[in-house]
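Working notes, structure below.
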Amino acid sequence: MEESAVVEVRVRVPAKVNLFLAVRGVRDDGYHELATVLQTVDLHDEVTARLLGTPWAMQHPAARKLMQLSLAHDGGAAVPDDDDNLVLRAAHGLLEELCVPSDATPEELERAPRTELSLAKRIPVAAGMAGGSADAAATLLALDRLWGAGLGPDALRPLAADIGADVPFCLAGGTALATGTGTDTARVLSRGDFHWVVGVSGEGLSTPAVYAAYDDLDLGPSVIEPDIVLQAVRSGDVDLLAGALHNDLETAAIALRPALADRLEDMYEAGALRAIVSGSGPTVVALAPDEHAAREIAERVGDRFAQVCVVRSPAGGPRLAERTLQPA
Ligand code: ATP
């Protein structure tokens, strides 16, 4: 019996918060070594990948090398439309991995299969919530399935790490301890849910600029360990977690954007158990005792941020849905 062909894959992928981030030092190549605990939150982007033309063309060995890619998104001007978009970077990376370089003639290209990618952007941009990394991970998973490559999340990891430090984490989601440059991840067991208020600034902060400020301030290397955060996550103890949340990059983010210190104070005044800058910022996340309290805090700080949302963590990992076409 002939197999049905996958024509559309949709991947819903969550954002993350860093519960703990310690900078261990700078390597000779300029990359920073980290120890960080990441957890997904239920704020999602969605990547849809569609194969156009004849899906059966994918069974031809030359098809992949002739693949044409396009991208549409609803993320506004802050999200690139071209090959700088991490969705297209991931797609090109996977194509390169899967096939020989293209020496196709224009006539062949006419008949080549086409993959249309579309991105529904809900994760705030340049907010330290790994939005672009999540999109890259979603794209790798979607195209791995759509193109029938069958690599799976484990085999996609090296490619994910080449695209960005948070991308390997985003392939699996959940809760993880990441070391090295952030690409070596180990799954962490967690119990229960945590409720957060996320305060997004109107203007993003560049991650490299925050690391540069960290180096300029001569703040590292840091020796603090994530043990208590891991214990809090394993036991679902919100008070223990509130006391243990830690981010070495917070001082650097505040040095670049002093108003962030006031935004943290706003969260405390509104009733947060603890408020920290998320990752490289400028997003501020506040841990609330429960969901009801999180909604009240969000209401109180609504006018202090460009966008405020209430989220729950952990939010699992990417979710894949597909549409197939039966052969005629
Ligand atoms: P991280 O938390 O991993 O440091 P971030 O959440 O701070 O990342 P992103 O939202 O990934 O930051 O965006 C950083 C920059 O990447 C943006 O300013 C934008 O120019 C570029 N970019 C490329 N692809 C995307 C994408 N798919 N979504 C958002 N930004 C993208």
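Every number for a ligand or one of its atoms is a count from 1 in the order of the listing.
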Indicate yes or no: at least one non-hydrogen side-chain atom of [X] is less than 4.5 angstrom from one of [Y].
| X | Y | result |
| --- | --- | --- |
| Leu143 | Leu95 | no |
| Val285 | Val197 | no |
| Val310 | His195 | no |
| Leu141 | Pro153 | yes |
| Leu88 | Asp82 | no |
| Arg10 | Arg50 | yes |

Report yes or no: does a heavy atom of [X] sit under 4.0 Å from some atom of ligand 1?
| X | value |
| --- | --- |
| Ala127 | yes |
| Gly279 | no |
| His73 | no |
| Pro80 | yes |

Sort out for me which residue in Val277, Leu256, Leu249 forms a side chain to side chain contact (heavy atoms under 4.5 Å, CB included) with Leu205.
-> Leu256

Drop me the distance from Leu273's CG to Asp290's CG, to the nearest 0.5 angstrom.
-> 9.0 Å

Give, for atom CG of Leu241 and atom CG of Leu230, the distance between the pair rounded to the nearest 0.5 Å.
-> 10.0 Å

Using a 4.0 Å heavy-atom cut-off, which part of [X] comes near ligand 1: side chain, backbone, both, or neither?
| X | result |
| --- | --- |
| Lys16 | side chain |
| Ser206 | neither |
| Asp135 | side chain |
| Asp166 | side chain |
| Arg89 | neither |

Can you find an N/O atom of [X] closer than 3.5 Å to an N/O atom of ligand 1?
| X | result |
| --- | --- |
| Val79 | no |
| Val87 | no |
| Val125 | no |
| Ala126 | yes |
| Leu119 | no |
| Leu205 | no |

Is any heavy atom of the protein nearer than 4.0 Å to atom 16 (O) of ligand 1?
-> no

Heavy atom of protein closer than 4.0 angstrom to atom 26 (C) of ligand 1 = yes

Tell me, which protein residue and heavy-atom name are nearest [atom], and how many Å apart are they?
| atom | value |
| --- | --- |
| atom 7 (O) of ligand 1 | Gly128 N, 2.8 Å |
| atom 29 (C) of ligand 1 | Lys121 NZ, 3.6 Å |
| atom 6 (O) of ligand 1 | Ala130 N, 2.9 Å |
| atom 4 (O) of ligand 1 | Thr207 OG1, 3.0 Å |
| atom 24 (N) of ligand 1 | Leu86 N, 2.9 Å |
| atom 20 (O) of ligand 1 | Ala78 O, 3.7 Å |

Just wondering, are more than 12 heavy atoms of other shown residues or ligands nearer than 6.0 Å to CD in Glu299?
-> no

Within a reach of under 6.0 Å around CZ of Arg187, are more than 12 heavy atoms found that belong to other residues, nucleotides or ligands?
-> no

For Ser222, the side-chain hydrogen bond (donor to acceptor under 3.5 Å, both in side chains) test, sequence neighbours excluded, returns Asp248

Which of the numbered atoms in ligand 1 are below 4.0 angstrom from a heavy atom of Gly132?
-> 9 (P), 10 (O), 11 (O), 26 (C), 28 (N)

Which atoms of ligand 1 have any heavy atom of Ser133 under 4.0 Å away?
-> 3 (O)

Could you tell me how the ring of His32 sits relative to the ring of Tyr214: parallel (under 30°), tilted (30 to 60°) or perpendicular (over 60°)?
-> perpendicular

Residues at least two apart in sequence or cross-chain that pass side chain to side chain contact (heavy atoms under 4.5 Å, CB included) with Pro14, listed by chain then number, are Thr40, His44, Ala315

Any idea which heavy atoms bring Ser313 and Val41 closest together, and the distance?
-> CB-CG1, 3.8 Å

